[in-house]
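Each chain gets a letter, A, B and so on, in the order the sequences are listed, and its residues count up from 1. Side-chain atoms are counted along with the backbone in the values below, which use heavy atoms only and exclude waters and symmetry mates.
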Amino acid sequence: MPQHLTVRDFDLGCTLESGQFFRWDKADGVYRVTRGEFTFRVWQEGERLYYTDVPAAFIRYFFSLDHDLPAVACSIDRDPFMREVLRRYWGLRLLRQDPWECTAAFVTSIASNIPRITRNVEDMARAFGREVPCGGQVARQFPRPVQMGGERELRRLRLGFRARYLHDAARLAQAGLLDEIAGLPSHEARETLMVIPGVAEKVADCVLLFAYGHLGAFPVDTWIRKAMIRIYFGGRPTTDLRIRRFAEQYFGRYAGYAQQYLYMYARQNWEEIEGRGSFDRDSATAMPGINPRVAVPGVP
DNA sequence: GGCCAGGTCCAAT
DNA sequence: ATTGGACATGGC
């Protein structure tokens, strides 16, 4: 028997399908999700969010229903372009993932793509994870660090060069590294994450954003890089560090939300971005009630 | 076939 | 501090 919650400013589909989380599938409008020890089904009809098998508090937590999305949107709505992106994917929220699962997933994501990441992560769950019932079928939890296979076994699952990273990450997680990070300020959390082999700037930022609630983190991947250069850097290539610095300042404390909306937009509308030309930042700073003065790298 | 994929690491400037 | 290649595998 499903329970339900009344939700506003929430879009389940956008949220799950935006590429931040991989452990879901969809059949007849119903999503089946496994996060940590919880496996559940969830679907949305307008402002009603239906779910099974888990407490309401978990649903509210995992889907970040406590985030004040209108306030977040207001804060990152710095220009007409962002306004349009926000409108198009309204209701997309950043999830609260399990730190270990998120770390493993984004180490797996290195030089890969969403279909393959999803398959790799499912393979690891099937090979090493615990079996749990869900809606008459069986699901597999993602393995805890102790349950992860060795490098050899991971290579057999076609993880390639990521196999060694994953094995080392599991070892460090087992030693408690990820537990220390909760509660650290974001810079220190980032440095600590980067101790893990296979975790450098980009993956660390993903974990900060998707698991530790550092909503100002701004992961720069190939899509975000292309989109940011095209839209905010006049098409002139620049470094990931400059893109990140600019975004953190331009979008402010919820830059990570801007990143996820941008990522979704860039993936689904690349042609549109290519055709649109770069964004005129002077008009952005001149918009009433918005962002009085921002530093714009490369533009006097 | 070659190139690129939600990058990172290491060596050589 | 920055830059080029290697790293496994898969899809176009």
Side-chain angles (χ1 to χ4, degrees), chain A residues 14-24 85 89 92 94-95 97 99 101-124 127 149-172 177 190-212 214-215 217-231 236-245 247 255-271 273-274 297-298:
Chain A
C14 281
T15 298
L16 285 176
E17 297 185 28
S18 68
Q20 57 179 315
F21 178 73
F22 305 98
R23 302 228 56 209
W24 57 270
V85 175
Y89 300 106
L92 165 54
L94 260 5
L95 295 166
Q97 300 184 222
E101 292 183 357
C102 187
T103 302
F106 282 92
V107 166
T108 303
S109 81
I110 297 173
S112 189
N113 53 73
I114 289 179
R116 177 146 85 123
I117 299 163
T118 305
R119 206 183 65 232
N120 286 156
V121 169
E122 289 313 304
D123 285 347
M124 287 188 274
E151 179 178 345
R152 196 49 54 87
E153 295 167 273
L154 290 165
R155 278 185 190 273
R156 256 181 257 125
L157 297 181
R158 329 247 60 174
L159 268 301
F161 60 82
R162 304 163 195 81
R164 182 158 44 85
Y165 296 157
L166 257 354
H167 174 67
D168 290 344
R171 202 168 32 71
L172 289 171
L177 188 77
R190 194 167 191 265
E191 294 301 312
T192 307
L193 280 168
M194 287 172 61
V195 166
I196 301 169
V199 179
E201 272 94 358
K202 191 271 176 182
V203 171
D205 286 337
C206 285
V207 178
L208 288 178
L209 182 60
F210 301 143
Y212 288 105
H214 288 102
L215 303 182
F218 194 90
V220 179
D221 68 12
T222 53
W223 287 95
I224 289 293
R225 183 185 309 121
K226 288 196 296 184
M228 290 295 288
I229 287 171
R230 191 95 194 82
I231 297 157
R236 293 182 299 277
T238 184
T239 64
D240 292 353
L241 178 62
R242 282 189 211 187
I243 293 170
R244 203 180 97 230
R245 288 269 122 93
Y257 257 99
Q259 186 274 165
Q260 202 55 27
Y261 274 81
L262 245 18
Y263 179 78
M264 185 78 168
Y265 179 82
R267 245 195 341 142
Q268 294 192 356
N269 311 283
W270 183 244
E271 316 69 28
I273 294 180
E274 285 217 291

Quiz prompt | Contact list for DNA chain B against residues 149-156 of chain A - heavy-atom distance below 4.0 Å | solution = none
Quiz item: Mind checking whether A:T118 and A:V121 have side chains closer than 4.5 Å, heavy atoms only?
Solution: no
Quiz item: Whole Å only: how far is the CZ atom of A:R116 from the P atom of C:dA8?
Solution: 12 Å
Quiz item: With sequence neighbours excluded, what pairs up with A:E274 under the side-chain contact (heavy atoms from CB on, under 4.5 Å) test?
Solution: A:W270
Quiz item: To the nearest Å, how far apart are A:L157 CG and C:dG10 P?
Solution: 12 Å
Exercise. Mind checking the OG1-CD spacing from A:T103 to A:Q97? Nearest 0.5 Å is all I need.
Key: 9.5 Å
Quiz item: So do the side chains of A:L241 and A:E201 get within less than 4.5 Å of each other, counting heavy atoms only?
Solution: no
Practice problem: Please measure how far the C1' atom in C:dG11 lies from the corresponding atom in B:dT8, and state the result in whole Å. | Solution: 22 Å
Compile the donor-acceptor pairs under 3.5 Å between side chains in residues 160-169 of chain A and protein atoms, sequence neighbours left out, one pair per line.
| unit_1 | atom_1 | unit_2 | atom_2 | d |
| --- | --- | --- | --- | --- |
| A:R162 | NE | A:T108 | O | 3.3 |
| A:R162 | NE | A:I110 | O | 2.8 |
| A:R162 | NH1 | A:L159 | O | 2.9 |
| A:R162 | NH2 | A:I110 | O | 2.8 |
| A:R162 | NH2 | A:A111 | O | 3.3 |
| A:D168 | OD1 | A:R171 | NH2 | 3.2 |

Quiz item: Taking atom P in both C:dG5 and B:dC4, what distance in whole Å separates the two?
Solution: 13 Å
Self-check item: side chain to side chain donor-acceptor pair (under 3.5 Å) partners for A:Y212, two or more places apart
Solution: none
Quiz prompt | Separation between CD of A:Q20 and CD of A:Q259, rounded to the nearest 0.5 Å | solution = 9.5 Å
Practice problem: At under 4.0 Å between heavy atoms, which parts of nucleotides 6-13 of chain B does protein reach? Answer with one letter per nucleotide, 5' to 3': B base, S sugar-phosphate only, - none. | Solution: BBSS----
Quiz item: side-chain contact (heavy atoms from CB on, under 4.5 Å) with A:R267: which residues, sequence neighbours excluded?
Solution: A:I114, A:W223, A:Y263, A:M264
Quiz prompt | Inter-nucleotide C1' distance (B:dG6, C:dT2), Å rounded | solution = 23 Å
Quiz item: How far does OG of A:S18 sit from CG of A:L94, to the nearest 0.5 angstrom?
Solution: 7.5 Å
Self-check item: Rounded interatomic separation in angstrom, taking CG from A:D123 and P from C:dG10
Solution: 10 Å
Exercise. Specify the separation, in whole Å, of atom CG of A:L241 and atom P of C:dT3.
Key: 12 Å
Quiz prompt | Under-4.0 Å side-chain N/O to phosphate OP1/OP2 contact, A:R158 with C:dT9 | solution = yes
